Chemist: 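Please read through the structure below; I'll follow up with questions.
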2 protein chains.
Amino acid sequence: MVRTAARQPVPARRADAERNIAAILAAATRLLSADAAASVADIAKAAGVGRVTLYGHFPSREALLDAVLDHAVDVADAVLADESIDTAPAPEAMAGLLRSSWEVLDRHRRLFLAADRVLATERIREHHDRPLQRVERLIARGQRDGDFRTDLPLAWLVTTFFSIIHSAAQEREAGRLAPEEVEPVLIKTMLSLLSPAEG
Amino acid sequence: MVRTAARQPVPARRADAERNIAAILAAATRLLSADAAASVADIAKAAGVGRVTLYGHFPSREALLDAVLDHAVDVADAVLADESIDTAPAPEAMAGLLRSSWEVLDRHRRLFLAADRVLATERIREHHDRPLQRVERLIARGQRDGDFRTDLPLAWLVTTFFSIIHSAAQEREAGRLAPEEVEPVLIKTMLSLLSPAEG
């Protein structure tokens, strides 16, 4: 395919490249989610492309991980965007957000662990930025509407959202939370954390 | 000191060894808390003992880290034992527990990060076991007394205790929580998480 590429009209070559990139990102996401130490050679093999092709698109493991995280965050963002996050009453929107996002965040948790070994902390924070802003906007709206407490800092409440999802995913992995318990436990925990203090 | 040890009566030699061990553990705790990658050579130097003496007591970095964690957990346990954890009303005891333990847990957080690179996960869990049981006992008592919610699993509530302390310490480190905010934020967060659901 690579050898005949020069004879193809430009749009076809571009389509090949895009197909390869998509296959590499999908394979990398799958392999790195299962094992943070998955090798670039294994990823190329699973994507059905040669290592030369892979390195042509992603010159280093770092570049590949960066692209995989971008891709993962795009997927997460699309899921979050699907929510009536800006219109439903804040507690309802929060329950929906947890329901739709915890699995994506859990699926990508190992990706961030893999990235943690390679990318700088600040670069990882940047990747978290968009999902983080959606959560922050929702909690801020709940605070304005009187649905959520205002006696704890907004940034802290956003932190607990991610921290609690992270813990629940780990507890499920350790077998201390049944798969079907995760969702109701997360929603109950987060809503009692956010509800205005009595009196 | 090592060269003259053979001439000293046994109790004096034993006292020397105990002094050295105490100095090594104190230095290791201090250095590893500041930098998880601190070297054994630096720890020996800070403890004022030779590397041969250090390796005589702790034959490997793993053995040293194991002893340092044991020591840290003893300190944490002593702090927790000081609380009226079994007598005061559960919410009050929980506030006291957070107040007295979060700094110890924060101080030792990097030790666990350092250990994470060297010791097996199960060994690290064992070290957590005693403090974990105290927290579990307190939350179970609060549930029995009707002070704490029973609609979430006990193990999950214990997990959130550690997860939230961990998050607050990280937020303080990142400068997103002021040092004086940590305690009230932790207490407020944990007590609203534990309080029985309304209605």
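Below, chain A is the first sequence line, B the second, and so on; all start at residue 1. Everything numeric in this text was worked out from a predicted model, so none of it was measured.
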Chemist: Check whether A:Leu152 gets within reach of chain B through its side chain, its backbone, both or neither, counting any heavy atom under 4.5 Å.
Modeler: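 For A:Leu152, the contact with chain B is made by the side chain alone.
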Chemist: Report, in residue-number order, which members of residues 179-187 of chain B are under 4.5 Å from chain A by heavy-atom distance.
Modeler: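 Interface residues of residues 179-187 of chain B: B:Glu181, B:Val185.
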Chemist: Would you compute the distance between atom CD of A:Gln170 and atom OG1 of B:Thr159 and round it to the nearest 0.5 angstrom?
Modeler: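 These two atoms lie 9.0 Å from each other.
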Chemist: Could you report the tightest heavy-atom contact between B:Thr189 and A:Trp156, atom names first, then the distance?
Modeler: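 Result for this residue pair: OG1-NE1, 2.8 Å.
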Chemist: Pull out the residues in residues 133-150 of chain A that come under 4.5 Å of chain B, heavy atom to heavy atom, sorted by number.
Modeler: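 Interface residues of residues 133-150 of chain A: A:Arg149.
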Chemist: Pick one of side chain, backbone, both or neither for B:Leu177, based on which atoms fall under 4.5 Å of a heavy atom in chain A.
Modeler: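 For B:Leu177, the side chain is the part near chain A, not the backbone.
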